Structure formats: structure tokens, C-alpha cells
Amino acid sequence: MEYKQRTVTCGELRKADDGRLVVLNGWVHRDRNHGGIHFINLRDRYGITQVVVGEQAPEEVVRTAEKLRVEFCIAVEGIVHARPASMVNAEMATGEIEVEVTSLQILSTCDPVPFLIDEESDAKEDTRLRYRYLDLRSNGMQKRIKLRHDFVKAIRDYLCGRGFYEIETPTLIRSTPEGARDFLVPSRIYPGKFYALPQSPQLLKQILMVSGFDKYFQIARCYRDEDARGDRQLEFTQLDLEMSFVKRDDVLLLMEQLFGYVFERTMDVKLPEHFTRLSWHDAMNTYGVDKPDLRYGLPLTDVDDLAKESTFGTFKAVLEAGGCVKALRAPASDTVAFTRKYITELEDAAKVYGAKGLAWMKIGSNHTLEGGVSKFFVGQERALIDRMEANEGDMILFVADQWKKTCNSLGAVRIKLARDLKLFDPKDFAFCWIIDFPLFEFNEDRGHWEAAHHMFSMPQAQYLDTLESDPGSVKGDLYDLVLNGYEVASGSIRIHDIELQKRIFRICNIPDEESEVRFGFLLNAFRYGPPPHGGIAPGIDRMVMIMAGQSSIKEVIAFPKNTAAVSPMDDAPSYVDQNQLDELHLIIKQPEQKG
RNA sequence: GAGGGUGUAGCGAAGCUGGUUAUCGCGACGGCCUGUCACGCCGUAGAUCGCGGGUUCGAGUCCCGUCACUCUCGCCA
């Protein structure tokens with residue numbers, strides 16, 4: 001098809017272009033037809049320009065303009081005119097000019113659209129995903145996809161400047177389960193054998209260290225066959241990074257410098273030079289989560305001693321059973337009244353994590369306690385109010401249970417309170433490091449210890465003698481990066497010693513014969529002079545999501561899947577031909593029909 | 001696997017304790033309109049109220065089941 005190709009984009013014409021003859025290509029964003037005069041907002045990636053078909057327009061142009069509908073793709077040739085002062089649109093970057101059309105061509109037509117292209121679509125997510133190509137035309141999606149591009153570009157620029165190599169690793173690899181479920185790819189050539197899609201390039205990047213590529217990174221797609229969430233998809237993208245001859249602080253420092261550079265360049269946001277560091281235990285104990293949102297305070301406070309002296313039997317029973325009592329101050333609010341109904345909402349949040357209840361009391365005037373469980377704390381008013389740093393109108397909330405349940409439950413209440421009471425600026429970015437993670441946790445279902453992160457993380461030196469005798473207390477050289485309450489990166493210094501690695505495997509119930517089969521290639525590599533090494537893997541989707549002020553990573557992924565692991569646009573996954581199954585030596589066993 | 005929420009026209013929503021012809025906005029279609037910029041005005045079409053069953057003289061509304069979407073717990077080394 002012959003058509004006039006653009007000489008300018010829809011976002012760039014200004015007053016100084018007055019009088020120029022230009023060609024624009026783009027989509028009809030809005031078409032205001034006044035009978036004798038058409039105003040067409042023409043849109044492309046770069047912006048929107050008003051083009052006008054007026055009385056002087058050639059008859060053929062007028063006839064074509066009559067046919068235009070929203071989202072038609074068109075080519076326009078015309079003359080740029082500065083608008084008179086009274087007609088300037090200050091809202092638009094190009095609002096000082098308009099283009100008087102001298103030639104108009106429809107490049108393609110558009111069916112009636114299921115939803116209008118706006119800043120943000122108000123259609124339901126399902127509809128947006130089904131028509132993702134239209135949804136992506138919206139300014140909001142265009143901005144977010146651009147932010148993601150800028151973010152990744154800045155990462156590449158920075159790391160390449162620091163001497164890193166970007167190296168690709170395969171996406172068809174050996175299955176090394178443990179942790180998440182693998183996606184499997186059947187081998188046509190070897191009946192019954194499968195490749196796996198990588199959950200992360202973990203082992204491959206460690207082997208690259210053995211190979212001497214001492215500064216490696218990759219923008220890596222990772223796959224985990226688990227249920228999706230707002231901040232989780234079954235495929236996602238990580239900045240995978242590994243370095244040799246580094247210790248923990250080298251990795252942390254590099255990340256602080258990297259994100260300092262990236263945030264300044266992509267968002268014009270200046271981050272602190274260093275991020276707060278919290279031990280895993282302190283994070284859990286003080287904020288009730290291993291990924292605390294430090295845009296606000298509201299620490300959980302230990303009140304074991306006060307509870308013990310109180311007359312509240314429930315608390316005392318929990319303490320005697322070895323549990324703990326923690327309290328949280330809910331600051332008085334102009335917008336949220338602490339009604340019975342609201343307290344029930346808070347209690348429901350606590351119960352999600354297993355708390356049996358949420359005790360409460362209110363702070364009255366002159367250091368008095370009112371309502372709820374206050375009657376059990378007679379004589380302790382002053383001590384409790386001082387401990388909680390509470391003021392009149394505040395509420396104090398208590399959970400009593402085993403330590404972890406107490407922390408998790410009250411931590412959930414803390415998060416809900418902060419959201420409801422708007423205790424933080426959504427434009428803030430609060431990074432923090434969580435360090436000193438336990439290396440193992442006991443899996444009750446399987447009856448053995450498992451790696452809390454993964455099995456390749458280095459135990460801290462002081463625990464090397466007690467790995468087997470007391471796995472539960474071993475801390476690892478592990479670190480998570482947390483941003484605004486989301487885990488955005490996770491890493492560790494790795495084991496590079498065969499014997500130590502085998503000890504870890506054994507503690508995780510993997511005997512030597514089995515680890516040789518499953519991880520033999522790594523162990524073999526470690527026989528050939530492996531360097532000390534460590535790394536980290538920030539999640540690109542989550543970070544961009546937070547930077548874009550969104551709460552779902554679907555908002556920063558061009559073609560995401562829904563919570564049911566389906567892509568509504570192309571309807572993946574789908575059945576395949578019998579021929580394809582035959583070639584792959586697969587027989588499908590249909591699940592039994594329900595009912 | 002479990003819990004909460006939602007499902008009404010192409011899209012977004014209203015529809016209170018069951019009661020005539022299911023309402024509104026956007027969009028679509030037709031007409032009018034020379035300065036709009038979410039243009040405006042007049043008119044028209046468009047809905048098996050997610051699906052199946054039940055209660056009832058009568059169900060969008062109540063009950064049971066089921067499906068889809070969504071958030072959360074489990075799960076996510």
C-alpha cells in the first residue's frame with residue numbers, strides 16, 4: 001500500500017514549527033465532528049496532536065474524514081499552525097499548535113472497540129488481557145512499558161560500566177527439583193526424558209564463576225509452576241547476577257550503587273547511599289514479616305512482662321505455654337473510627353495467620369485505658385501507655401500466641417492499619433536489607449530439614465561445627481532486598497567446597513548417591529578450582545511494579561497470564577494435536593470427571 | 001486444596017426488605033451542528049440479569065449447586 005510516511009511524531013510539534021508541512025501517522029484517539037469542521041486527536045507512542053479538517057480542506061479529505069472512527073490507523077499530511085491564544089490547550093504538550101489537514105488516508109479501519117483507550121482503562125482485568133493489544137495502547141501501559149525498558153537499559157549500562165559481562169544461559173536445562181515445581185519440556189529424541197525450564201539460572205551462574213567470568217549478569221526469564229499472585233507470575237524476569245572473590249558487603253554495596261544510579265536515571269529519585277540493615281530475627285520480631293515496609297513505623301512491642309502481671313488469664317496461659325504477647329499501637333485517626341466493626345476487620349486480618357483473637361483497648365484522657373481488655377490491666381495503665389508511647393485516642397492491639405504466629409498475625413494487622421490510616425507516602429521508596437537468615441527450616445510434612453532459601457548458600461563461619469547437631473540455629477550468609485514491603489531481591493554467598501556442599505545436602509535429606517545424580521555436574525565443577533563467589537537476583541517485574549506505583553506485576557508485563565495461569569488473549573495453555581503427542585511419546589491421562 | 005469479593009447490553013455501573021415494560025453513563029447506529037479538545041443536541045438499536053436447579057402466584061433479587069474472574073491463605077529453594 002502506498003501511503004505517506006510520517007515526517008514527525010504526534011508528540012513533538014511546537015509553536016516554533018508554525019508553517020511547516022508535515023506528515024503524521026497514528027491512531028484516531030478522539031474525533032470531534034462539528035459538522036463543518038472535524039477535530040481529530042491523532043495519537044502515537046509519543047503523544048497526541050490535534051489535526052483539523054476545516055472548510056478549506058479539499059472535498060476528498062472531508063469525505064474521508066466523515067468515515068473516520070475511533071482507533072482507525074491513518075496518515076495525515078498538513079500544515080502546522082500556531083493556535084491563537086484563546087484556543088491553546090495547556091493540558092497537551094502539543095497544545096500550542098494544530099495541523100490543518102491537506103491530505104488524509106485511512107491505513108486501516110477498526111471494529112468498534114470493547115473499551116475506549118484512555119489514560120487507564122476502566123475495563124475489568126480479564127477484558128483488558130483478552131484485548132491486550134488495545135490495552136497496551138493506553139498511555140498508562142505505554143508509560144509503564146517504557147519505564148521497564150528504561151530500568152533494564154539503566155541496569156545494563158551501569159553493570160557493563162562496572163565490568164560485568166552479560167551472558168545467556170539455556171532455558172532448556174536439567175530438572176533439579178527441590179523448592180518450586182519445575183515446568184517440564186518433553187524430549188522428542190529421548191522418550192521419557194524431559195528438559196526443565198529454569199526456576200533461575202542458579203547453578204549455571206555458579207559454574208560460570210568456576211569458568212572465571214568473575215562478574216556476570218543476565219536479564220533472565222525464570223519459570224516456576226506455582227499458583228500466581230498479584231506479585232507473582234509463573235514466568236517472570238530477574239536480574240541474575242554473580243561475582244567471584246566477593247563477600248556479602250561487596251554484593252550489598254554494589255546493589256546500593258546500582259539502584260542509586262538506576263532510580264536517579266529512570267525516576268529522578270535520589271536514594272540514600274546505604275540501605276537500612278535488619279537481621280531476619282529483628283525484622284520478624286519488630287515488624288512481623290521478613291519483608292517489612294519501612295515507609296512507616298508502628299513496631300510490634302513486647303509486653304510479656306506486663307501481661308504476666310495482668311489479671312488476663314488468656315495472656316498468662318499463653319506465656320506459661322512458652323508463647324509471647326505483643327502489642328501494636330494504632331494511632332488515632334481522623335478518617336478511620338475505631339468502631340467494633342473496624343476492630344473485627346483487624347481481627348480478621350490477624351486470624352488469617354492463625355491468631356485466635358485480637359485483644360484491644362483504647363487510650364482515654366489522663367492516661368486511662370478503656371474498653372476491651374483494659375479491665376485486666378488495672379494499675380498498669382501508666383506503664384503500658386509509656387511502653388507503647390500511646391496518646392489519647394490511640395488504640396492498643398494485642399496478640400498472644402507462639403512467637404512466629406504472634407509476629408505474623410500482628411504484622412498483618414500492622415500492614416492493614418498502615419493502609420487504612422494512610423500512614424505512608426505512596427511515592428516513597430524505602431529499601432532495606434534483611435540479613436542473617438536461618439539457613440534451614442524444618443518441614444513438618446516431609447519430616448526433615450530443608451534449605452530456607454536454597455541449598456547453595458554458605459553457612460556463617462561460626463556455625464560450621466554445629467551444622468548437623470543444631471541445624472535450626474544456623475545462620476546463613478544470605479540477604480534479601482526489601483522495597484516498600486515487597487521482597488525484590490534475594491541472594492547469598494555460595495558454597496564453593498564439595499564437602500561442605502555435601503554436608504548441606506545430607507542435612508536436607510539428600511544422601512551422597514542422590515546428590516551425585518542430581519547435582520553431579522555442579523560438584524564435578526567444584527573439583528576444578530572453584531572461586532569463592534556470591535550473588536543476588538533482583539526481580540525486575542516487582543521492582544518496576546513498585547516504581548510505577550502499581551500493586552500487580554501484570555501492570556508492567558506486556559502479555560501476562562491471569563491467576564488461573566491462562567493467557568486470555570491467545571488462550572494458552574491449549575490442547576495439542578495427537579501427532580505432536582505421538583512425536584513426544586506422551587499419553588494424556590485425563591483427570592477423573594467431578595460429580 | 002481453602003476462604004473472601006465480583007459476575008446485569010460491546011464497556012463500566014444502579015437495581016433497597018421478591019411485584020407491571022430491568023435503569024444510568026460511555027460506546028455503536030442515524031440525524032443536526034464552523035473552534036472543539038471527555039465537544040454539544042435529537043433520535044434508534046442493543047440484555048436468555050454467568051450457567052443449572054429449587055422455593056414462590058411471581059426471582060436480577062431468596063436457597064442449593066456449578067463456572068469464570070479477582071484478592072488472600074496454603075504453595076512460591
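These figures come from a predicted structure and were not determined experimentally. Residue numbers begin at 1 in each chain, while the letters A, B, ... track the order of the sequences.
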By nearest-heavy-atom nucleotide on RNA chain B, the more 5' of A:Ala452 and A:Gly36 is A:Gly36

Let me have the donor-acceptor pairs involving side chains of residues 226-235 of chain A, under 3.5 Å, with sequence neighbours excluded, atom names and distances please.
from: A:Glu226; atom 1: OE2; to: A:Arg181; atom 2: N; distance (Å): 2.9
from: A:Arg232; atom 1: NH2; to: A:Asp227; atom 2: O; distance (Å): 2.7
from: A:Gln233; atom 1: OE1; to: A:Lys561; atom 2: N; distance (Å): 2.9
from: A:Gln233; atom 1: NE2; to: A:Lys561; atom 2: O; distance (Å): 2.7
from: A:Glu235; atom 1: OE1; to: A:Arg221; atom 2: NH1; distance (Å): 2.8
from: A:Glu235; atom 1: OE2; to: A:Lys561; atom 2: NZ; distance (Å): 2.9

Scoring nucleotides 35-47 of chain B by protein non-hydrogen atoms under 4.0 Å (B base, S sugar-phosphate only, - none) yields BBB-B--------

Could you pull out all donor-acceptor pairs under 3.5 Å where a side-chain atom in residues 482-489 of chain A meets a protein atom, sequence neighbours excluded?
from: A:Asn484; atom 1: OD1; to: A:Ala430; atom 2: N; distance (Å): 2.8
from: A:Asn484; atom 1: ND2; to: A:Asp428; atom 2: O; distance (Å): 3.0

RNA chain B contacts among residues 475-482 of chain A, heavy-atom distance under 4.0 Å:
none

Any N or O donor-acceptor pair under 3.5 Å from the base of B:C76 to the side chain of A:Arg224?
no

Would you tabulate the side-chain donor-acceptor contacts of residues 343-355 of chain A under 3.5 Å, counting partners in other chains and residues two or more places apart, or write 'none'?
from: A:Thr344; atom 1: OG1; to: A:Arg340; atom 2: O; distance (Å): 2.9
from: A:Glu345; atom 1: OE1; to: A:Lys416; atom 2: NZ; distance (Å): 3.1
from: A:Glu347; atom 1: OE2; to: A:Leu358; atom 2: N; distance (Å): 3.0

Nucleotide N/O to protein N/O under 3.5 Å, stretch nucleotides 8-13 of chain B:
from: B:C11; atom 1: O4'; to: A:Pro114; atom 2: O; distance (Å): 2.5
from: B:G12; atom 1: OP1; to: A:Lys124; atom 2: N; distance (Å): 3.0

Considering only residues two or more places apart or on different chains, which pairs with a residue in residues 435-444 of chain A satisfy side-chain hydrogen bond (donor to acceptor under 3.5 Å, both in side chains)?
A:Asp436-A:Gln460, A:Asn443-A:Glu450

Taken in chain and number order and not counting sequence neighbours, the residues that satisfy salt bridge (charged side-chain N to carboxylate O under 4.0 Å, His left out) with A:Asp512 are A:Arg506

Strand contacts (RNA chain B) in residues 491-519 of chain A, 4.0 angstrom heavy-atom criterion:
none

Paired stems touching RNA chain B, three or more consecutive Watson-Crick or G-U pairs with both distances under 3.5 Å?
B:1-7 with B:67-73, B:10-13 with B:23-26, B:28-32 with B:40-44, B:50-54 with B:62-66

Are more than 12 heavy atoms from other residues, nucleotides or ligands located less than 6.0 Å from atom CD of A:Gln56?
yes

Residues in ring pair (Phe, Tyr, Trp, His ring centres under 6.0 Å) with A:His448, at least two apart?
none

Do any side-chain atoms of residues 552-559 of chain A form donor-acceptor pairs under 3.5 angstrom with protein atoms, and if so which ones, sequence neighbours left out?
from: A:Ser552; atom 1: OG; to: A:Lys554; atom 2: N; distance (Å): 3.1
from: A:Lys554; atom 1: NZ; to: A:Glu125; atom 2: OE2; distance (Å): 2.6
from: A:Glu555; atom 1: OE1; to: A:Arg128; atom 2: NH2; distance (Å): 3.0
from: A:Glu555; atom 1: OE1; to: A:Arg144; atom 2: NH2; distance (Å): 2.9
from: A:Glu555; atom 1: OE2; to: A:Arg128; atom 2: NH1; distance (Å): 2.9

Is there a side-chain contact between A:Gln218 and A:Lys205 in this structure, where contact means two heavy atoms from C-beta onward sitting under 4.5 Å apart?
no

On a plain distance test, is the side chain of A:Arg69 in donor-acceptor contact with the base of B:G27 below 3.5 Å?
no

Considering only heavy atoms and no angle criterion, is a donor-acceptor pair shorter than 3.5 Å present between the side chain of A:Asp227 and the base of B:G74?
yes

